[in-house]
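I have placed the structure first, in the form of structure tokens, so that the comments after it can refer back to it.
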Amino acid sequence: MTLKKRIFLLFFLSAFIPFISIFAISYYTIDSIFANKIDDGIRSNLQQVTSSLENSITNLNHVTQQLSYRGTLGKRMDEFLNPSSDIFELIEARDELKNELSVVTFTNPNIGLTLYYFQKEGTTQFGNFPIKDRFSPESLPVLFQTYGIKYYGPHMSMNRFDDQLVLSAMRKVQLSERNDVFIYVESGFRLTQDILGYNQYNGALSHLILDGEGNIVYSEIPEAMKVGENFSSLTVDPAKDGISRGYHWFKEDSSQKWSVVSVISQSQYQQEKNQWLLQILLVALFFLGFTVFLAWLLWKMVYKPLGLFHSEINGMSKNPQTKGSRARTQIPEFDFLLGEFSNMQHQIGDLFKEVQQKEKIRADLEVEKLLYQINPHFLMNTLDTVHWLAVMNGQAEIDKLVQSLNKLLYYNLGKLGQVSTMEEEIDALRQYLILQQIRYDFEFDVRITADEQVLQIPVPRFILQPLVENSLYHGLSDEGFIQIEVTCTSTLNIMIQDNGAGMTEETIHNLLNNREAEQQKVGMGIGLNYVHRMLKAQYGDQAQLVIESELGTGTSILLVLPIKGEDISA
């Protein structure tokens with residue numbers, strides 16, 4: 001993994017492992033708290049609704065008792081129903097009944113429509129409000145009945161001017177002459193509506209009301225649980241709380257043998273927990289974004305110094321002597337490392353300079369050693385030749401030989417330094433050729449052509465003599481020739497060709513790279529290896545030495561030198 005990926009991974013793990021752990025613990029804890037809170041809220045609300053309905057039914061029971069048992073009202077009802085009573089007694093009895101009903105209903109604000117129902121005739125009397133179409137209590141949902149009284153579950157009021165839900169009760173009136181008279185009483189205006197609409201839980205609660213046999217007599221969610229269904233068929237255990245048809249339900253049994261069930265959809269039941277979970281997820285996303293930002297910020301803090309290090313290392317690899325930059329990162333630790341790296345670059349640059357200086361001194365010493373080293377065999381053979389010439393030919397030849405030898409030795413051992421001119425180099429070559437032509441007993445032709453402008457160009461000493469000497473010692477015979485051409489373009493070009501026996505590639509390689517091969521030869525003792533190393537020491541890769549040879553045909557040597565003026569040794 002890259003450093004960037006590791007930083008992001010470490011930040012992610014360091015931020016989210018604790019967060020996820022806390023979240024997991026919090027989730028299970030808060031889930032339990034929410035579940036208990038929701039359940040307790042719904043149960044408390046359910047108990048309140050159940051208690052309010054019980055109170056309303058109890059109140060209905062009290063009112064029906066007052067209007068049904070024997071007493072003043074009973075007497076007046078008997079008089080009103082007695083056909084033998086005269087008209088005045090009937091009117092008086094009717095007025096007293098109305099007054100009594102008015103007093104009862106007025107002193108009970110939780111009572112709504114009140115009337116007497118005559119079952120045989122199917123008529124009503126003494127109603128305190130106008131009723132809707134024909135009164136038919138048989139169509140009302142029976143909540144429960146006991147001791148001659150029937151209680152009806154929430155239904156639309158029979159009051160013509162009231163479309164609210166009501167609870168109602170109907171009790172038989174105790175009369176001496178008739179047993180088909182009933183008192184019918186409804187709960188007050190909006191009472192039942194307010195009871196069922198009561199919701200301290202603040203959730204989307206709905207209610208079911210069950211009769212004593214578990215049948216649904218009232219439902220606020222008829223699309224899921226219809227009136228007339230048996231609630232026990234919808235649940236596994238109707239005595240406990242549970243889930244049915246996508247709803248959570250909570251049941252509360254009344255002491256009057258009926259039940260109230262509060263239901264809430266699963267989505268609503270989970271809404272509060274889902275809101276809390278959404279908030280936690282938003283916090284997690286915020287932490288994730290903040291963690292990524294911190295990781296990115298740390299990466300930038302590390303990436304910039306790494307970029308500077310990379311730049312410094314690249315610069316150093318391209319040019320080891322480059323001095324380190326003074327770039328700063330504003331981070332003390334990295335600035336310290338950059339400072340140490342810069343010091344190291346300076347030290348490496350100084351070491352390179354020291355090594356180059358030592359290498360230059362060593363190369364100069366080797367060249368100087370070669371310049372001042374003359375092959376003893378060459379001197380002995382030359383002096384022996386001088387002796388025999390003196391015996392055989394007289395003073396003229398000896399004089400010529402000695403002069404040439406003297407000039408060559410002077411050029412070789414003179415205090416003129418390592419740099420010479422092309423003109424001096426050609427003159428020294430001519431003296432060398434005079435000595436060689438006198439030494440050998442065969443004729444060879446050496447032709448030297450040089451442009452006028454090349455004569456004063458500075459060149460290292462003894463670069464021509466080894467090249468010509470190579471031609472003499474590698475197969476040149478009678479009627480052999482050596483052609484030397486010196487020209488000048490943007491470089492100094494020296495071409496040496498001969499028609500000798502030629503050389504193999506292996507021989508050329510040994511001559512250029514093997515010092516021992518040069519020391520075994522006769523002559524000046526300065527060979528192609530010297531030229532090769534001299535060019536490397538003086539010109540580096542700017543000079544070229546190209547040798548092409550073919551056995552039986554001859555050899556051509558091309559020497560290309562850059563023109564530097566007087567500072568060749570630099």
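All of these numbers come straight from a predicted model, not from anything done at the bench.
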Report task. Check Tyr247 against Ala224 and note the closest heavy-atom contact, atom names and distance. Result -> CE1-CB, 3.6 Å

Requested in this report: Using a 4.5 Å cut-off on heavy atoms from C-beta on, say whether the side chain of His532 contacts that of Asn513.
Outcome: yes

Report task. Any chance you could measure Leu46, atom CG, to Phe250, atom CZ, to the nearest 0.5 Å? Result -> 9.0 Å

Report summary line: dist Ser265:OG -> Leu205:CG (nearest 0.5 Å) comes out at 9.5 Å

**Report entry** salt bridge (charged side-chain N to carboxylate O under 4.0 Å, His left out) involving Glu359 - partner list, sequence neighbours excluded
**Finding:** Arg362

Query - Reported OG-to-CE distance for the pair Ser471 and Met503, which is rounded to 0.5 angstrom - result: 7.5 Å

Query raised in the report: In this structure, are over 12 heavy atoms from other groups packed under 6.0 Å from Glu505 atom CD?
Result: no

Requested in this report: Decide yes or no for Asp445 and Arg447: does some side-chain heavy atom of the first lie under 4.5 Å from some side-chain heavy atom of the second?
Outcome: yes

Requested in this report: Go through the steps to decide whether Asp350 and Ile348 satisfy the test side chain to side chain contact (heavy atoms under 4.5 Å, CB included), and finish with yes or no.
Outcome: CA-CA 5 Å; Asp350 293 340; Ile348 291 175; over 6 Å; no

Query raised in the report: Quick one: does Asn493's side chain have a donor or acceptor within less than 3.5 Å of a partner on Cys488's backbone?
Result: no

Query raised in the report: Taking the side chain from Asp498 and the backbone from Thr555, do they hold a donor-acceptor pair closer than 3.5 Å?
Result: yes

Query raised in the report: So do Asn45 and Val49 actually touch side chain to side chain, heavy atoms under 4.5 Å?
Result: yes

**Report entry** Flag side-chain contact, heavy atom, 4.5 Å: Val446 against Phe481
**Finding:** no

Report summary line: When rounded to the nearest 0.5 Å, the distance separating OG of Ser262 from CD of Glu252 is 9.0 Å

Query - Spatial distance of atom OG1 (Thr504) from atom CD (Glu550) [nearest 0.5 Å] - result: 13.0 Å

Requested in this report: Please report the shortest heavy-atom distance between His207 and Val263, naming the atom on each side.
Outcome: N-CG2, 4.5 Å

Requested in this report: Supply the atom-to-atom distance Gln497 CD to Ser549 OG, rounded to the nearest 0.5 angstrom.
Outcome: 11.5 Å

Report task. Starting from the C-alpha separation in whole Å, work towards a yes-or-no answer on side chain to side chain contact (heavy atoms under 4.5 Å, CB included) for Ile557 and Asn470. Result -> CA-CA 10 Å; Ile557 301 175; Asn470 179 75; 4.1 Å; yes

Query raised in the report: For Gln453, does the CD atom have more than 12 heavy-atom neighbours from other residues, nucleotides or ligands under 6.0 Å away?
Result: yes

Query raised in the report: Passes side chain to side chain contact (heavy atoms under 4.5 Å, CB included), Leu511 versus Asn529? Steps please.
Result: CA-CA 6 Å; Leu511 290 175; Asn529 179 262; over 6 Å; no

Query raised in the report: Short question: side chain of Glu424, backbone of Thr421 - any donor-acceptor pair under 3.5 Å?
Result: yes

Query raised in the report: If you look at every heavy atom in Thr487 and Leu492, which pair is closest and at what distance?
Result: O-CD1, 3.6 Å

**Report entry** Glu423 backbone acceptor or donor facing Asp427 side chain under 3.5 Å
**Finding:** no

Query - Closest heavy-atom pair and its distance - Leu208, Met225 - result: CD1-SD, 3.3 Å

Report task. Please lay out, stage by stage, how Gln266 and His248 fare under the test side chain to side chain contact (heavy atoms under 4.5 Å, CB included). Result -> CA-CA 6 Å; Gln266 286 183 287; His248 283 264; 3.6 Å; yes

Query - Closest heavy-atom pair and its distance - Val531, Phe462 - result: CG2-O, 4.2 Å

Requested in this report: Please examine the side chains of Ile496 and Glu485, heavy atoms only from C-beta on, and report whether any two atoms are closer than 4.5 Å.
Outcome: no

Query raised in the report: Quick one: does Leu551's side chain get under 4.5 Å of Thr553's, heavy atoms only?
Result: no

Query raised in the report: What closest approach, in Å, do Gln465 and Leu429 show between heavy atoms, and which atom pair accounts for it?
Result: CA-CD1, 4.0 Å

Requested in this report: Side-chain contact test, heavy atoms from C-beta onward, threshold under 4.5 Å: evaluate it for Leu545 versus Leu512 and give yes or no.
Outcome: yes

Report task. Answer yes or no: is there a donor N or O on one side and an acceptor on the other, between the side chain of Glu425 and the main chain of Leu464, under 3.5 Å? Result -> yes

Requested in this report: Test Ile547 against every option in Leu558, Leu559, Leu467, Ile508 by the side-chain contact (heavy atoms from CB on, under 4.5 Å) rule and name the one that passes.
Outcome: Ile508

Requested in this report: For residues Tyr539 and Leu561, determine if any side-chain heavy atom of one lies less than 4.5 Å from a side-chain heavy atom of the other.
Outcome: yes

Report task. Would you please name every residue forming a salt bridge (charged side-chain N to carboxylate O under 4.0 Å, His left out) with Arg245, sequence neighbours left out? Result -> Glu229

